[in-house]
2 protein chains.
Amino acid sequence: MALRNAVMAALLEGEASGYDLAKGFDATVANFWMTTPQQLYRELERMEAEGLVTARVVEQERRPNKRLFSLTEAGREAVRAYTAESPGKPAVIRDELLVKVQCVDVGDTEAVRAAIAERMEWATAKLVRYERLRQRLLDGRSEEAYFAESERIGPYLTLLRGMSFERENLQWGDMALRRLDQRAATLHANG
Amino acid sequence: MALRNAVMAALLEGEASGYDLAKGFDATVANFWMTTPQQLYRELERMEAEGLVTARVVEQERRPNKRLFSLTEAGREAVRAYTAESPGKPAVIRDELLVKVQCVDVGDTEAVRAAIAERMEWATAKLVRYERLRQRLLDGRSEEAYFAESERIGPYLTLLRGMSFERENLQWGDMALRRLDQRAATLHANG
DNA sequence: CTCGTGTACTCAACAAGTTGAATAAGTGTG
DNA sequence: CACACTTATTCAACTTGTTGAGTACACGAG
């Protein structure tokens, strides 16, 4: 029932179709909870059955109709209940790249280097999108002003965490590549 | 087949029982890939059936016997094959805390603050353990010397990523708590 | 001398997440 | 004007991951 909470968090931003959610929706929630369309549609149906969300069919002219979901009052109550739950477990991180890096000395070093480089490119792209979103949220105001004025600060706080995560990816990746280079050079020199 | 790769990465450090792996083993791999004992035992059996690992029963005097697993040559080959695989997907992050923070403006603010604080304590504890492990790996050498001399640098690189992740948790948590405080004060003042 | 804790593992049942495909119409590119 | 891509959803089959309990013995605290 963890995906459910992420869906509710996303729906706090307003109505969304399963498709919207699948695409990453406002890109905020997608940041710390990505999943497949199938799972979302399945979960949304369950949530509808339990009365946490309601669907409203929007007929569209030149494309398929869509069902826009929004939180019901019961859904908002569920959000309150969820946030009040005892913290429990630390973040689940499953990073295939780090598994590869762990194996780099036995495995294919060049491929691992390429994987790190790809991660860095990805991180750069993500940072660009995050920064755009940040500017959109700030809407011309300073961060200081934003925190003082805006109704909701949750999305901004999570956005900042996403940004720092990606910046760390870049910094670490840079360091790791340099060390691997250095090592390749040493091994070459010393046999 | 992703857990499998993490298990192989862990076994690069040497023999281990299912129990060792479940406890976090060398704490390195556990860093970016945690799971339950049940799943590990299940996966180890499969891997044994496929010849990637071999088990050796160690009879113990005052405690249950254990089965120590180690990588076979086929297992090492699988590591090489795995690291050479095309990168693919970015890290899976599923962070319940961030979901709660996203909901903070609607949910139970005090509980969310407590959850952030708990995460920070956890991060602090983890940093302490990481630092101990780091000192053990360095074994008196400087980082520079370590990278130049040591046979394997993978585990050290992943360790550094784990450390930077936890440091970011602390920094972000600190900022988030301050902002939430500030906000609580503002709301109190302005109604 | 019982209770909790640690070692070491196993079984069963279930919930969550992934993969692949299918439908169906519109929009843009070469 | 064929081909790929985007919107929007659904179905089925499968693999992973989680939860809860149970076995068995040893050790130390109260």
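Chain A is the first sequence line, chain B the second, and so forth, proteins listed ahead of strands; every chain is numbered from 1.
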K.L.:
Please name all residues satisfying side chain to side chain donor-acceptor pair (under 3.5 Å) with B:Thr35, sequence neighbours left out, ordered by chain then number.
P.N.:
B:Gln39
K.L.:
Give the other cluster members for B:Tyr19, using side-chain heavy-atom distances under 4.5 Å between Ile, Leu, Val, Met, Phe, Trp and Tyr residues; answer none if it is isolated.
P.N.:
B:Tyr41
K.L.:
Is A:Arg4 touching bases, backbone alone, or none of the nucleic acid, heavy atoms closer than 4.0 Å?
P.N.:
nothing
K.L.:
Base, sugar-phosphate, or nothing: which does B:Glu43 touch, judged by heavy atoms less than 4.0 Å apart?
P.N.:
nothing
K.L.:
Taking salt bridge (charged side-chain N to carboxylate O under 4.0 Å, His left out) as the test, write out the residues that go with B:Glu131, two or more places apart.
P.N.:
B:Arg134
K.L.:
Each residue besides B:Val128 in its hydrophobic cluster should be listed here, by chain and number; the cluster joins Ile, Leu, Val, Met, Phe, Trp and Tyr at side-chain heavy-atom distances under 4.5 Å.
P.N.:
none
K.L.:
By salt bridge (charged side-chain N to carboxylate O under 4.0 Å, His left out), which residues pair with A:Arg161, not counting sequence neighbours?
P.N.:
none
K.L.:
For the helix from C:dC1-D:dG30 to C:dG30-D:dC1, what is the angle between the axes at its two ends, each from 5 pairs, rounded to 10°?
P.N.:
40°
K.L.:
Mind checking if A:Arg42 touches a base, just sugar-phosphate, or nothing, with heavy atoms under 4.0 Å?
P.N.:
base
K.L.:
Please name all residues satisfying salt bridge (charged side-chain N to carboxylate O under 4.0 Å, His left out) with B:Arg63, sequence neighbours left out, ordered by chain then number.
P.N.:
none
K.L.:
Heavy atoms of chain A, cut-off under 4.0 Å: which first and last nucleotide of DNA chain C, 5' to 3', fall inside that, if you could look?
P.N.:
C:dA16 to C:dT27
K.L.:
With sequence neighbours excluded, what pairs up with B:Asn31 under the side-chain contact (heavy atoms from CB on, under 4.5 Å) test?
P.N.:
B:Tyr130
K.L.:
Tell me, which pairs form a ring pair (Phe, Tyr, Trp, His ring centres under 6.0 Å) where one or both residues lie in residues 142-161 of chain A, sequence neighbours left out?
P.N.:
A:Tyr146-A:Tyr156, A:Phe147-A:Tyr156
K.L.:
Under 4.0 Å from any heavy atom of chain A: name the first and the last nucleotide of DNA chain D that qualifies, 5' to 3'.
P.N.:
D:dT6 to D:dT19
K.L.:
The criterion is salt bridge (charged side-chain N to carboxylate O under 4.0 Å, His left out); which residues satisfy it with A:Glu43, sequence neighbours excluded?
P.N.:
A:Arg4, A:Arg46
